Amino acid sequence: MKKENDSKVTEFVLLGLSSSWELQLFLFLIFLLFYIAVVLGNLSIVITVRADASLLQSPMYYFLGHLSFVDLCLSCVTVPKMLGDFLQQGKTISFSGCLAQIYFLHFLGASEMFLLTVMAYDRYVAICNPLHYLTVMNRQLCLQLVFACWCGGFIHSITQVILVIQLPFCGPNELDNFYCDVPQVIKLACMDTYVVEVLMVANSGLLSLVCFLVLIFSYAIILTTLRTRLHQAQSKALSTCASHLMVVSLIFVPCVFIYLRPFCSFSVDKIFSVFYTVITPMLNPLIYTLRNADMKTAMKKQRKKHVEFCCFIKE
């Protein structure tokens with residue numbers, strides 16, 4: 001006799017973004033361009049930060065390199081599967097594949113939230129306590145903070161997977177999205193999911209909200225400090241904080257909207273999911289590079305070295 005919580009569902013059907021074949025082909029081309037931009041943009045930042053010693057020694061760019069790496073990995077969790085599904089009528093994902101998507105999505109997503117919080121702390125120290133900045137944000141502390149971000153993401157994602165893996169699934173098996181996530185999956189369970197949805201809100205929803213409020217509070221203090229300092233250095237700091245706030249809004253607003261409300265779903269959830277998994281990882285490199293003179297200078301230097309190396313090889 002099977003255990004009561006054994007799952008009869010071996011795969012889930014993803015309804016995707018559209019049922020129209022023509023629209024799916026159009027979306028395939030659009031999201032393929034987005035994905036190429038995500039990979040090239042974030043990979044260029046990671047390589048530039050690693051290759052430039054002055055950037056690597058700076059805590060802000062050290063964290064930025066990790067943020068780009070997380071964005072690069074985060075897009076790989078959902079976008080390749082979505083691109084493949086655009087080219088076929090049957091969009092399915094195995095139960096184990098679904099759990100893997102949930103794990104890596106929340107592992108990388110939570111790590112990014114913690115990392116953005118760390119970056120806000122870094123900007124707070126740099127602007128509000130500039131004379132002791134390098135002493136406070138030393139190399140050892142930066143390593144410890146990044147390690148704590150990855151550990152926090154791991155603990156969060158394991159919790160999410162445990163919430164799902166214990167549920168019985170006996171049909172239906174259609175997910176109204178283009179990837180697996182906890183809010184959609186738990187609604188298909190063959191049991192009352194009230195407690196599970198409350199735990200999901202307490203885990204993902206409150207995590208997103210608390211980190212968002214901490215970030216807003218931190219940047220409010222930073223902006224208040226900047227009001228009393230209007231020289232050029234503070235103008236540059238203000239530009240940096242503005243770019244950080246833009247990234248924070250693009251990431252946290254969709255997450256708070258999706259995870260902080262149990263028991264219901266809206267048609268716009270898919271749009272917010274696209275922002276979280278595709279648009280934000282694509283915009284992050286643009287926001288940080290187009291508004292950052294140091295990063296643009298370092299990229300030009302790396303391109304010049306690459307061109308010189310290619311010319312040397314040809315000779």
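This chain uses plain numbering: 1 for the first residue, then up along the sequence. Quick caveat, the model's predicted, so the values are computed rather than measured.
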* Any chance you could lay out the side-chain contact (heavy atoms from CB on, under 4.5 Å) test for Met137 and Leu141, step after step, and finish with the verdict? => CA-CA 6 Å; Met137 299 301 297; Leu141 179 62; 4.0 Å; yes
* Start with the C-alpha gap between Val38 and Leu43, add the side-chain angles, then the distance that decides, and say whether side-chain contact (heavy atoms from CB on, under 4.5 Å) holds. => CA-CA 8 Å; Val38 169; Leu43 194 59; over 6 Å; no
* **Flag if over 12 foreign heavy atoms under 6.0 Å of CZ, Phe104** => no
* To do: May I ask whether Leu15 and Leu83 are part of the same hydrophobic cluster, defined by side-chain heavy atoms of I, L, V, M, F, W, Y residues being less than 4.5 angstrom apart, directly or through others?
  => no
* Structure fact -> Tightest non-hydrogen contact, residues Leu250 and Thr280, listed as O-OG1, 3.3 Å
* Asked: Going only through I, L, V, M, F, W and Y residues with side-chain contacts under 4.5 Å, is there a path from Leu72 to Leu33?
  -> no
* **Validation row: Leu143, Phe147 side chains within 4.5 angstrom (heavy atoms)** => no
* To do: Rounded to the nearest 0.5 Å, what's the gap from CZ on Phe86 to CG on Leu25? Could you check?
  => 10.0 Å
* Side-chain heavy-atom pair Met82, Lys91 within 4.5 angstrom cut-off -> no
* Kindly say whether Leu55 contributes a backbone atom to a donor-acceptor pair with the side chain of Ser58 at under 3.5 angstrom? => no
* **Ring centres under 6.0 angstrom apart (Tyr259, His106)** => yes
* Asked: Looking only at atom types and distance, does a side-chain atom of Asn173 sit under 3.5 Å from a main-chain N or O of Glu11, one as donor and one as acceptor?
  -> yes
* Within-4.5 Å side-chain heavy-atom neighbours: Tyr179 and Leu14 -> no
* Structure fact -> Minimal heavy-atom distance between Lys187 and Pro183, with the atoms involved, is CG-O, 3.2 Å
* Is a donor on one side and an acceptor on the other found under 3.5 Å between the side chain of Ser68 and the backbone of Gly65? -> no
* Asked: Are any of the side-chain heavy atoms of Leu64 and Met60 separated by less than 4.5 Å?
  -> no
* Using ring-ring contact (aromatic ring centres under 6.0 Å, His included) as the criterion, list what pairs up with Phe272, not counting sequence neighbours. => Phe257
* For residues Gln57 and Leu134, determine if any side-chain heavy atom of one lies less than 4.5 Å from a side-chain heavy atom of the other. => no
* To do: Decide if atom OH of Tyr133 counts as having more than 12 heavy atoms of other residues, nucleotides or ligands within a radius under 6.0 Å.
  => yes
* Is a side-chain N or O of Asn42 found less than 3.5 angstrom from the main chain of Pro281, in a donor-acceptor match? -> yes
* Asked: Is there a side-chain contact between Phe28 and Leu87, using heavy atoms and a 4.5 Å cut-off?
  -> yes
* Inspect the surroundings of CD in Gln140 and state if more than 12 heavy atoms from other residues, nucleotides or ligands are less than 6.0 Å away. => no
* To the nearest 0.5 Å, how far apart are CG in Leu74 and CG in Asp71? -> 6.5 Å
* Same apolar cluster: Ile271 and Val274, side chain cutoff 4.5 Å -> yes
* Asked: Is any side-chain heavy atom of Pro172 less than 4.5 Å from a side-chain heavy atom of Leu188?
  -> yes
* Structure fact -> Distance col, row Ile30:CD1 vs Leu17:CG, nearest 0.5 angstrom, shows 12.5 Å
* Tell me, do Phe252 and Leu215 make a side-chain contact under 4.5 Å, heavy atoms counted? -> yes
* To do: Mind checking the CG-NE2 spacing from Asn203 to His156? Nearest 0.5 Å is all I need.
  => 5.0 Å
* Asked: Which heavy atom in Gln160 sits nearest to a heavy atom in Ser204, and how many Å separate them?
  -> NE2-OG, 2.8 Å
* To do: With rounding to the nearest 0.5 Å, note down the distance linking CD1 in Ile279 to CZ in Phe34.
  => 4.5 Å
* **Heavy-atom closest pair, residues Val118 and Cys149** => CG2-SG, 3.6 Å
* **Residue pair Ile186 / Thr193: nearest heavy atoms and the distance that separates them** => O-CG2, 3.2 Å
* **Test side-chain contact (heavy atoms from CB on, under 4.5 Å) applied to Thr92 and Phe12, step by step** => CA-CA 6 Å; Thr92 61; Phe12 293 103; over 6 Å; no
* Scan for disulfide bond (SG atoms under 2.5 Å apart) pairs involving residues 60-117, sequence neighbours excluded, and state none if there are none. => Cys98-Cys180
* Does the side-chain contact (heavy atoms from CB on, under 4.5 Å) test come out yes or no for Tyr61 and Leu56, once each step is laid out? -> CA-CA 6 Å; Tyr61 295 106; Leu56 190 58; over 6 Å; no
* Which distance, rounded to the nearest 0.5 Å, do you find between the CD1 of Ile162 and the CG of Leu199? -> 11.5 Å
* How far apart are the C-alpha atoms of Asp176 and Gln184, what are their side-chain angles, what is the distance that settles it, and do they pass the side-chain hydrogen bond (donor to acceptor under 3.5 Å, both in side chains) test? -> CA-CA 7 Å; Asp176 189 17; Gln184 293 84 28; over 6 Å; no
* Asked: Relative to each other, are the rings of His66 and Tyr62 parallel, tilted or perpendicular (30° and 60° limits)?
  -> perpendicular
* **Phe69 atom CZ, neighbour heavy-atom count above 12 within 6.0 Å** => no
* **Leu29 reachable from Leu27 in the ILVMFWY side-chain graph, under 4.5 Å edges** => yes
* Asked: So does Arg50 have more than 12 non-hydrogen atoms from other groups sitting under 6.0 Å from CZ?
  -> no
* To do: With Tyr121 as reference, evaluate Leu116, Val214, Val136 under the side-chain contact (heavy atoms from CB on, under 4.5 Å) test and give the passing residue.
  => Val136
* Structure fact -> What one should report as the nearest heavy-atom pair of Gly153 and Ala110 is CA-CB, 3.8 Å
* To do: Compute the ring centroids of Trp150 and Phe107, then answer whether they are less than 6.0 Å apart.
  => yes
* Flag yes if Phe212 and Val210 sit in one hydrophobic cluster, no otherwise; membership is Ile, Leu, Val, Met, Phe, Trp, Tyr, and two members link when side-chain heavy atoms are under 4.5 Å apart. => no
* Could you tell me if the ring centre of Phe169 sits under 6.0 Å from that of Phe95? => yes
